[in-house]
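Here is the structure we will look at, set down as structure tokens.
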Protein chains: 4
Amino acid sequence: MKPPIIDHMASRETNRRERRIQRQRKAILDAAAELFAQKGYVSTTTKDIARAVDIGESTLYGYFTSKQEILQEILNQQAAMVDSLLVHLNDLHGIESFVDLTDLLLDRLLEWAIYNRVVIAEAWTHDEILLSYVIVHWQPIMERLKQFIHTRVAAGIFRPIDPGFGARMMIAIFIASILPVLRGVEPPPTPATRHELAAALVEMIVNGLRAQNG
Amino acid sequence: MKPPIIDHMASRETNRRERRIQRQRKAILDAAAELFAQKGYVSTTTKDIARAVDIGESTLYGYFTSKQEILQEILNQQAAMVDSLLVHLNDLHGIESFVDLTDLLLDRLLEWAIYNRVVIAEAWTHDEILLSYVIVHWQPIMERLKQFIHTRVAAGIFRPIDPGFGARMMIAIFIASILPVLRGVEPPPTPATRHELAAALVEMIVNGLRAQNG
Amino acid sequence: MKPPIIDHMASRETNRRERRIQRQRKAILDAAAELFAQKGYVSTTTKDIARAVDIGESTLYGYFTSKQEILQEILNQQAAMVDSLLVHLNDLHGIESFVDLTDLLLDRLLEWAIYNRVVIAEAWTHDEILLSYVIVHWQPIMERLKQFIHTRVAAGIFRPIDPGFGARMMIAIFIASILPVLRGVEPPPTPATRHELAAALVEMIVNGLRAQNG
Amino acid sequence: MKPPIIDHMASRETNRRERRIQRQRKAILDAAAELFAQKGYVSTTTKDIARAVDIGESTLYGYFTSKQEILQEILNQQAAMVDSLLVHLNDLHGIESFVDLTDLLLDRLLEWAIYNRVVIAEAWTHDEILLSYVIVHWQPIMERLKQFIHTRVAAGIFRPIDPGFGARMMIAIFIASILPVLRGVEPPPTPATRHELAAALVEMIVNGLRAQNG
DNA sequence: CATGAATGAGCGTTCATTCAT
DNA sequence: AATGAATGAACGCTCATTCAT
């Protein structure tokens, strides 16, 4: 009887330790992301990160094998977030839910603003990151959007536009609307403002600028 | 008679030297921009730049006082290019010339693709560069676009949209259309393709996605 | 009971570390002073200093923030030594104790020979060092000497000489007597020799060269 | 007849050229000495020197083979000046001419103030310079002074002091009196002031500080 | 597990000197 | 003879990483 109990306790112990480790990893990741976002990966020193988490510089190496690995973990988590967007995209139908959906996506993107900012920065100067992380993970989303447009073009709801081009424009409008927040020069919108923004985006995408009575 | 001739020759000599210096500066600037675009400013070493121009590392310092100054000159030249766009923006009227204008701007932006890529990269992590270079020089362009939209909204040609929002969306669509080229993962379009792209962009901006018979 | 003990141990640990750091700083300072004295500050490289202490070049920067700071610390310590001379100068009276005092000052100056040599070298070509370190810290000593001379002139013990001039000459004679040792071309005197020297100096200052029966 | 004339002209030409070269060498030497005096030899760049003479940096190498050679020439000229002092020292007799002589030596030393300052600076950190230049050239002067003192001690005019010690003290008093001028923190004295100074120095050396009625 | 101390590799920059003109 | 241009060697300093405790 004892051994199981010991095992159980050991397991609880192990879990507690495991959780503490995960908590610390998360703290390091968040601090590093903040710094990478502000100064860029190369200009952020391991000393900077350690000071931000208030641990010794060499303690970092108990949680990550290198500074590079910290970045990779940030990229991984952001990629997971992008992947999760697809779940929401799978019920694109009426215009109403389209606005709600847009709102939801904006929310997700803004919640991960700092991680996104890091990814954008690094993908801009590293081909490998652009190809392995950004393009790979956004590809399914692009496909879903293309399919969405294609369906509506076939149904005569949308003009006969190239779906790939349309999808890219959609994402552009989408991202551009929150760029200053991602960049860190504007505060995140309130939920209400964000919802208005979502509505405006959808209208812009669907109707463009021309007056409807034209 | 002799002094003038001597002067003349001296002047010619001086000009030749001056031209050689300018040519070399340009070569360094281009090589540096290419490297900054690919690896970022901090990760590019002065040794990299020197090797790319095939000169000694210390020779760089005969043309620029520091690595930092090389970057600043790149930013300055890009800013001058942005300023020059305004000239073209001053005759925005019919839709036809709007497409031509868009084509022209795309052309300018693509011609300076590498410099633009550097500016985007650095502005993304340096507030000072974002504020002093990017925002300062794009501001007049934004103003011109807002005015353009405002006029058309007043005339009932455009929907009653917020001009600021509209202008930002215009630029977003504009930039997004050439982002892969700026980023260096797609080759620049041929003039014909570029013109088609310009037409598609204008249609997207003006008409959105909705079918006209809707 | 345990916490106090732990604190105590921690404190002991901290003290041990602190002492080790101070010991290392002192070793670096001494090695640097030796090199600065031999080759001058600018001609001494950080590599030279590191090699003399048998540590890596970058290890220096764990103890001092810059090569400049090493020099400043040397200047500071020498200045503190000069300041401490004043304590001894405050009982200048009989001729006997004047010799003993001179002996004491020579001893102090020679003990810090290398540091003094560095200060002289640097003050010779840096106005800021001359004014901020040398003149500032020797000023009180000069004042004390002037006062000493002034009193004796008033009492008819000394000839009616300008106290400022006299004080400067006293220091000149004083320094000159140990210049070869400071310069490093003669070994330091034994205590006995030094005491004889002190007596000769005092006699020189007080009696000059003229025969007393003159 | 022609060849001689040609020779003569050539010679005149050669002389003119020679003189021009010597004039330029002197200009370089003076400018370099000024800079070496202010910032030290190592901290003075060849660019500094060239700018001070208003010639190209590489032009220096038409007159001197290296920066080191410029310093050596400065040392040589200063050494020649020191040698020339000996001429004056050869009629040391009455006390009156002793003051005049001191005045003369001060004059010579001050005229070459900048060169002296350079020599002192370099001899302070370079054993070779101290031994080969300073000590070698001051040795005969020291000998002459020792002889001077020895004679007077034998004649009962001076106290029975060690001639070597006395000679060194004489030079110390001598140099110390003009140290601030050599160092460049005081302006050179007028001839009248200088003569007073000479008298005071001689009195200090001969009579010390003690009142004569003592 | 946490960390202070140490360090090799590499950075941007300077400078005495050479060389083609 | 004069010089602008070029450069190798060396400098002071930083930083990601290792290691003994």
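Quick caveat: nothing in here was measured; it's all calculated off a predicted structure. Naming convention: chains lettered A, B, ... in sequence-line order (proteins, then strands); numbering from 1 in each chain. All values below come from the heavy atoms of this structure, side chains included, with hydrogens, waters and symmetry mates left out.
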Check DNA chain E for consecutive Watson-Crick or G-U pairs with both distances under 3.5 Å and list the runs of at least three as stems. E:2-21 with F:2-21
Could you check how far CG of Leu60(B) sits from C1' of dA5(F), rounded to whole Å? 13 Å
Using atom types as modelled and distance alone, determine if a side-chain donor or acceptor of Tyr41(A) lies under 3.5 Å from a backbone N or O of Val118(A). no
Could you give the CD-to-P distance, from Gln22(B) to dA5(F), as a whole number of Å? 11 Å
Taking atom P of dG4(E) as reference, at what distance in whole Å does atom CD of Glu18(C) sit? 13 Å
At what distance, to the nearest 0.5 angstrom, does CG of Leu71(A) lie from OG1 of Thr44(A)? 10.0 Å
Over how many whole Å does the gap from Ile55(B) atom CD1 to dA5(F) atom C1' extend? 11 Å
Could you state the CZ-C1' distance from Arg20(C) to dT3(E), rounded to the nearest angstrom? 12 Å
At their closest point, which heavy atom of Phe36(C) faces which heavy atom of Ile74(C), and how far apart are they? CD1-CD1, 3.7 Å
Counting only N and O atoms by type, is there a donor-acceptor contact under 3.5 Å from the side chain of Trp124(B) to the main-chain atoms of Arg117(A)? yes
Ile28(B) CD1 to dG12(E) C1': how many Å, rounded? 15 Å
Map Gln24(D) and Tyr63(B) onto DNA chain F by nearest heavy atom, then report which one ends up closer to the 5' terminus. Gln24(D)
Nucleotide dA2(E), atom P - distance to CZ of Arg25(A) in whole Å: 13 Å
Atom-pair distance (CG on Asp54(A); P on dA2(E)), nearest Å: 13 Å
Give Ile70(B) one of three labels, base, sugar-phosphate or nothing, depending on what nucleic acid heavy atoms sit under 4.0 Å from its own. nothing
Restricting to pairs with a member in residues 28-47 of chain A, which pass salt bridge (charged side-chain N to carboxylate O under 4.0 Å, His left out), not counting sequence neighbours? Lys26(A)-Asp30(A), Lys39(A)-Asp48(A)
Got Ile28(D) and Ile55(D) here, is their nearest side-chain heavy-atom distance under 4.5 Å? yes
Among Glu57(D), Arg51(D), Lys67(D), exactly one meets side-chain hydrogen bond (donor to acceptor under 3.5 Å, both in side chains) together with Thr46(D). Which residue is that? Glu57(D)
At under 4.0 Å between heavy atoms, which parts of nucleotides 14-21 of chain F does protein reach? Answer with one letter per nucleotide, 5' to 3': B base, S sugar-phosphate only, - none. BBBBBB--
Considering only heavy atoms from C-beta outward, does the side chain of Gln72(D) approach that of Tyr133(D) to under 4.5 Å? yes
Got a donor-acceptor contact below 3.5 angstrom from the Tyr63(C) side chain to the Ile70(C) backbone? no
